[in-house]
Engineer: 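Input: one structure, supplied below.
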Amino acid sequence: MADQTDSAQLSISEGVLLAHALVARVADSVGVRAFFIKGPASVMQGLRQPKTSADVDVFVDPDGLEVVLQGLRERGWRQRPVDPDTTTFPKHAVTLHHLEWPCCIDVHFRFPGMEADPAECFEAMWAHTGEFDLAGQTIRVPSPALAILILALHALRSPHLPACRQELAYMAELVRRQAQAPGILRIAAATGSLAAVRPFLEDLLEDPHAVAWPPTSTEWRNRLLAKEPGSARLLAICQAPWQDKPRLLWLAVFPQKQVFLSGNIYADMSWRGQVTQHRARWARFLRALPQIARDLASGG
């Protein structure tokens, strides 16, 4: 009987495909516009090298975010715990999990690197989406130009990682072959992501000097600098007004339970378990401290 139960469980790849169909139906049933980013559709479109997605990324109309979340809650999906410190970690998505599903769902209402107003940003992106058949359901996905912009912004958040550099190189070659640069430029301007995408897009344009490249935002610079454990909190404390520094310092030294649960929803929250996690957390920070100092110094 146990073998039969195990064989009936969804694999991650199956769960991701079916969850796309589920979210599409939920969004359609409540009348909220939604499209899917990254994931298996981008691989099928040839915009990404083959890889197995571990979750579902859906972008919803910010005005309908809560309606979609409620529709998923009614089907057993629950929000994962999140770090309550939104100063250090500005939120851009809500992550949901389900005890009977092998994957999570990330419901995006904004995207890091896109600085335009969330509602205006969504409208600009929605104009560059189209239908795509996946898991027996018609879903909406970005146009190739928009998909490449989103994938590039995602990879540019961690350009020091080999996998991200490889993905950027793959997309750059794709943009050159398909002459996608002008389209990406137009969408980047409309979504306020010119500053963030500049390192990827500038060399792909015929005349990059004709573009008025804006300066990067503090949030984006912080994301690039925060490579090591604890670096994001140090940046937030340094940049915060004096009246906010004590609160942020307290949260850094004595994190709430949600901080541990955000990384592992099954984390041991007993007194002994929390002590163990605090010790591991400080050990990671102290090991990373020399590199943090170098990163912050090089970042100005």
Side-chain angles (χ1 to χ4, degrees), residues 20 23-24 27 33-51 53 56-62 92-93 106-134 138-159 163-214 216-217 220 223:
H20 274 76
V23 176
R33 292 174 297 169
F35 62 94
F36 295 85
I37 60 176
K38 302 185 289 181
S42 63
V43 174
M44 294 177 187
Q45 290 175 295
L47 305 175
R48 209 176 195 185
Q49 292 178 311
K51 63 182 297 183
S53 299
V56 174
D57 289 279
V58 60
F59 216 122
V60 303
D61 183 342
H92 60 272
D106 289 333
V107 185
H108 292 257
F109 52 89
R110 56 185 290 265
F111 201 81
M114 293 184 172
E115 306 292 344
D117 173 80
E120 295 177 3
C121 194
F122 181 85
E123 293 298 336
M125 289 189 290
W126 184 256
H128 296 275
T129 63
E131 294 184 343
F132 190 85
D133 290 332
L134 187 74
T138 299
I139 64 173
R140 292 194 76 88
V141 299
S143 68
L146 175 56
I148 291 171
L149 173 61
I150 291 171
L151 290 170
L153 289 173
H154 184 260
L156 286 168
R157 285 155 60 181
S158 305
C164 290
R165 291 199 300 270
Q166 182 180 6
E167 187 159 36
L168 288 168
Y170 176 84
M171 287 188 292
E173 180 58 29
L174 192 67
V175 171
R176 292 189 182 96
R177 288 203 315 268
Q178 298 183 357
Q180 293 278 7
I184 297 171
L185 178 65
R186 286 192 294 272
I187 302 172
T191 56
S193 52
L194 280 175
V197 81
R198 182 177 181 176
F200 170 76
L201 186 58
E202 189 170 23
D203 291 340
L204 301 174
L205 296 170
E206 288 188 8
D207 185 10
H209 300 292
V211 181
W213 301 101
T216 54
S217 67
W220 184 253
R223 285 187 181 274

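Source: prediction; values computed, not measured. We count residues from 1, following the sequence as given.
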Engineer: Taking the six-membered ring for Trp, are F59 and F35 parallel (under 30°), tilted (30 to 60°) or perpendicular (over 60°)?
Structural biologist: parallel
Engineer: Which value, rounded to the nearest 0.5 Å, describes the distance between L185 atom CG and L204 atom CG?
Structural biologist: 11.0 Å
Engineer: Would you compute the distance between atom CD1 of I37 and atom CE of M125 and round it to the nearest 0.5 angstrom?
Structural biologist: 7.5 Å
Engineer: Evaluate the side-chain proximity of E167 to R48: yes if any heavy-atom separation is below 4.5 Å, no if none is.
Structural biologist: yes
Engineer: Nearest 0.5 Å, what's the CZ-CD distance between F132 and Q45?
Structural biologist: 5.5 Å
Engineer: For side chain to side chain contact (heavy atoms under 4.5 Å, CB included), just list the numbers for K38 and L151, CA-CA rounded to whole Å, side-chain angles, deciding distance to a tenth of an Å, and then say yes or no.
Structural biologist: CA-CA 7 Å; K38 302 185 289 181; L151 290 170; 3.6 Å; yes
Engineer: Should the heavy atoms of other residues, nucleotides or ligands under 6.0 Å from CZ of R165 be counted, would the total exceed 12?
Structural biologist: yes
Engineer: Minimum heavy-atom separation for L156 to P159, with atom names?
Structural biologist: O-CD, 3.0 Å
Engineer: How far does OG of S193 sit from CH2 of W220, to the nearest 0.5 angstrom?
Structural biologist: 9.0 Å
Engineer: Mind checking whether P208 and D203 have side chains closer than 4.5 Å, heavy atoms only?
Structural biologist: no
Engineer: Might you point out which heavy atoms bring P40 and L134 nearest each other, and give the distance in Å?
Structural biologist: CG-CD2, 4.3 Å
Engineer: First locate atom CD1 of I187, then atom NE2 of H128, and finally report the distance between them rounded to the nearest 0.5 Å.
Structural biologist: 4.0 Å
Engineer: Check I184 against A145 and note the closest heavy-atom contact, atom names and distance.
Structural biologist: CG1-O, 3.6 Å
Engineer: Which heavy-atom pair separates A34 from A27 by the least distance, and what is that distance?
Structural biologist: CB-CB, 3.9 Å
Engineer: For V211 and L201, what are the C-alpha separation, side-chain angles and deciding distance, and is it a side chain to side chain contact (heavy atoms under 4.5 Å, CB included)?
Structural biologist: CA-CA 11 Å; V211 181; L201 186 58; over 6 Å; no
Engineer: Show the nearest heavy-atom pair for residues C164 and S158, with the distance to one decimal.
Structural biologist: CB-O, 3.2 Å
Engineer: Roughly how far, to the nearest 0.5 Å, is the CE atom of M171 from the CD atom of Q166?
Structural biologist: 11.0 Å
Engineer: Ignoring hydrogens, what is the shortest heavy-atom contact between A41 and V141? Give both atom names and the distance.
Structural biologist: CB-CG1, 3.8 Å
Engineer: How far apart are the C-alpha atoms of L153 and M114, what are their side-chain angles, what is the distance that settles it, and do they pass the side chain to side chain contact (heavy atoms under 4.5 Å, CB included) test?
Structural biologist: CA-CA 9 Å; L153 289 173; M114 293 184 172; 3.9 Å; yes
Engineer: Show your working on side chain to side chain contact (heavy atoms under 4.5 Å, CB included) between W126 and D61 and close with a plain yes or no.
Structural biologist: CA-CA 9 Å; W126 184 256; D61 183 342; over 6 Å; no
Engineer: Are F200 and V175 packed together at the side-chain level, in the sense that at least one heavy-atom pair is separated by less than 4.5 angstrom?
Structural biologist: yes
